[in-house]
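To start, the structure under review is shown below, and the notes come after it.
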Amino acid sequence: MCGMGKASRTKQAPDRRARVAAQREAARRAEQRKRMYIAGGSILAVIVVVLAIVLVKVNSGGGSAGSSSNGPTGTALTTLTNQVTGVPSSVSDQVGGGNINTSDFMPGSQIAAASAANAGYFATVNGKALTSGGKPEVLYIGAEYCPYCGAQRWSMINALSRFGTFTGLKTIHSSSSDVDPNTPTWSFYGSKYTSPYINFTSVEETTNERQGNSSNTSVPYVTLQTPTAAEQALVNKYDPGANGYSGAIPFIDMGNKYVEVGDLYPYGPTVIDGKSWSQIAAALTQPKSAIAQGVLGSANYMTAGICKMTNNQPASACTPAIQALESKFAASST
C-alpha cells in the first residue's frame, strides 16, 4: 500500500499539470493587476503634483512674475493685501525717503517743461482745491497695461491705507507685450476706498490686454474707464506733454496741492521685475531692501503730501518721520 499504481499515476499527472498551469495563470494575472495598479497610481500621483503646483502658483502668488499669471486669489489674496496695507509704521519710518531722488520735486511753474521732456516729477501746485464730499481728493489716472502705474500702485495702496481702507483690490500684471512686461501689480478697477480724512478716485483707462488679444504692439488696449471732463482738464493743465500730447501715466493729483507723474526715480518697474507678489510683500518688511527703499520711500512722500492736506491727521500716519519729509517739497510758484 506504500506505492501507487500506474493507472493512478497516469490519472494524477494531468491534474497536477492543470493545477500548476492554473496557479501560473493566476500568478500572471495578479502580476498584471499589480503593474496596472502601480502605473495607475503613478499617473494619479503626477496629476496630483501638477494640480498642486498650479494651485500654489494661482493662489499663493509664489510663481514667477514673468509668467502671465494674474496673481493670488481667495485667502492668499487677503493675506497679501494685509501684508501690503499693514506694514508697521516702525518699518516705514526706518525707510524714510528711501532712495527717492528729490531732484524730481519741483514748483508747479516747471511742470510744463518736465512733462514736455517726458520726465517723471513730483510738483507742488496751487490750483483750486480738489475736494470730494468735503474732504481732500486724491485722483489717480492710469491703466492696467502700464508697468510704471504697476510699480506705483504698490506705493499708493500702502500710503492710502494709512488713512483708510480698501476693499475689492485684485492683483494683475502689466502688459506682456509692452516694456517691462508682466510687472506684478494691482488694479484699482472695481475696488472701493473709504476714509474719514480723504477721498480717492481712480481711473484705470484700459485693461492689460490688446483688442482681440493681439500681440501686435500697434493694436490699442481694450478701454476700461474714461476720465471725466473735469479730470481730463487737470491732466491737460498739469501734464501737457509734448507736441500736443498730454496724459503721461500714472498721473496722481493730491488735492491740487501736489502732482506726481510717473514713478519717483529711481523706483520703477525694474525694481520689482522678476519677483512674485508674495516676494515683493515680504521685502516690504526689510527696510534696507531695494524694494522697501523704493515702494515705501515713494509711499512715504505721498503720505507726507496727504498729511499736509489733513493737518497731519491721523497721528498714526503722520509720524514725526513723515512730517520730516514734508519740508522737502518744493515751494509752489503758481
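Since the model is a prediction, treat every value here as computed from it, not as a measurement. This chain uses plain numbering: 1 for the first residue, then up along the sequence.
- Between Cys146 and Pro250 the shortest heavy-atom distance is SG-CD, 4.4 Å.
- To the nearest 0.5 Å, atom OH of residue Tyr140 and atom CD1 of residue Ile249 are 6.5 Å apart.
- Taking 4.5 Å as the limit, every side-chain heavy atom of Leu77 sits out of range of all side-chain heavy atoms of Trp277.
- Contact annotation: the side chain of Leu80 approaches that of Thr171 to within less than 4.5 Å [non-hydrogen atoms, C-beta and beyond].
- Distance alone, capped at 3.5 Å, places no donor-acceptor pair between the Asp273 side chain and the Pro269 backbone.
- Using modelled atom types, no side-chain atom of Thr310 and backbone atom of Tyr197 make a donor-acceptor pair closer than 3.5 Å.
- At a threshold of 4.5 Å between non-hydrogen side-chain atoms, the residues Thr217 and Arg210 count as touching.
- The side-chain hydrogen bond (donor to acceptor under 3.5 Å, both in side chains) with Tyr221 is formed by just one residue from the set Thr206, Asp178, Thr207; it is Asp178.
- Donor-acceptor pairing under 3.5 Å is recorded for the side chains of Thr319 and Asp93.
- With Gln110 contributing its side chain and Pro107 its backbone, the two residues share no donor-acceptor pair below 3.5 Å.
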Original post:
Run the side-chain hydrogen bond (donor to acceptor under 3.5 Å, both in side chains) check on Ser175 and Asn208 step by step: do they pass?
Top reply: CA-CA 5 Å; Ser175 170; Asn208 58 1; over 6 Å; no

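- The number of heavy-atom neighbours closer than 6.0 Å to CZ of Phe105, taken from other residues, nucleotides and ligands shown, is above 12.
- Between the CZ atom in Phe166 and the CE atom in Met156 there is a gap of 7.0 Å [rounded to 0.5 Å].
- In this structure a side-chain-to-backbone donor-acceptor pair under 3.5 Å is present from Ser327 to Ala324.
- Counting only N and O atoms by type, the side chains of Arg153 and Asn158 include no donor and acceptor under 3.5 Å apart.
- The two residues Leu130 and Leu139 make their nearest non-hydrogen contact at CD2-CB, 4.2 Å.
- Between the side chain of Gln225 and the backbone N or O of Glu204 there is at least one donor-acceptor pair closer than 3.5 Å.
- A 4.5 Å side-chain heavy-atom check between Ile141 and Glu205 finds at least one atom pair inside the cut-off.
- In this structure a side-chain-to-backbone donor-acceptor pair under 3.5 Å is present from Ser174 to Thr183.
- Between Leu234 and Asn256 there is a side-chain heavy-atom pair separated by less than 4.5 Å.
- Expressed to the nearest 0.5 Å, how far CZ of Arg162 lies from CD1 of Ile157 amounts to 13.0 Å.
- Here the side chain of Asp180 pairs no donor or acceptor atom with the backbone of Pro147 at under 3.5 angstrom.
- Across every non-hydrogen atom of Ser155 and Ser298, the tightest pair is OG-CB, 3.4 Å.
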**OP:** Run the numbers on Gln279 and Ile272 for side-chain contact (heavy atoms from CB on, under 4.5 Å), then give the verdict.
**Re:** CA-CA 9 Å; Gln279 287 172 330; Ile272 56 177; over 6 Å; no

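- Judged by distance alone, the side chain of Gln323 and the main-chain N or O of Asn312 form no donor-acceptor pair under 3.5 Å.
- Thr85 contributes no side-chain N or O that, together with a main-chain N or O of Ser161, makes up a donor-acceptor pair within less than 3.5 Å.
- Annotation for Ser92 and Asn300: closest pair O-ND2, 3.0 Å, computed over non-hydrogen atoms.
- The two residues Lys170 and Tyr189 make their nearest non-hydrogen contact at CE-O, 4.2 Å.
- Considering every non-hydrogen atom in both Gln293 and Pro287, the closest pair reads NE2-O, 2.8 Å.
- Looking only at side-chain heavy atoms (C-beta outward), Thr201 and Tyr193 stay at 4.5 Å or farther from each other.
- Looking only at side-chain heavy atoms (C-beta outward), Val261 and Tyr148 stay at 4.5 Å or farther from each other.
- Note on ring orientation: taking the six-membered ring where Trp is involved, the planes of Phe329 and Tyr258 are tilted (angle from 30° to 60°).
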Original post:
Between Phe122 and Val259, does a side-chain contact (heavy atoms from CB on, under 4.5 Å) hold up when you go through it step by step?
Top reply: CA-CA 6 Å; Phe122 192 96; Val259 171; over 6 Å; no

**OP:** Mind running side-chain hydrogen bond (donor to acceptor under 3.5 Å, both in side chains) on Ser214 and Asn216 for me, showing each step along the way?
**Re:** CA-CA 5 Å; Ser214 175; Asn216 186 337; 5.1 Å; no

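- Between the side chain of Tyr145 and the backbone N or O of Ser177 there is no donor-acceptor pair closer than 3.5 Å.
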**OP:** Begin with the C-alpha distance, continue with both residues' side-chain angles, and end with the deciding distance and a verdict on side-chain contact (heavy atoms from CB on, under 4.5 Å) for Val91 and Leu284.
**Re:** CA-CA 8 Å; Val91 174; Leu284 295 181; over 6 Å; no

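- Classified by interplanar angle (parallel below 30°, tilted 30° to 60°, perpendicular above 60°), the ring pair Phe188/Phe200 is perpendicular.
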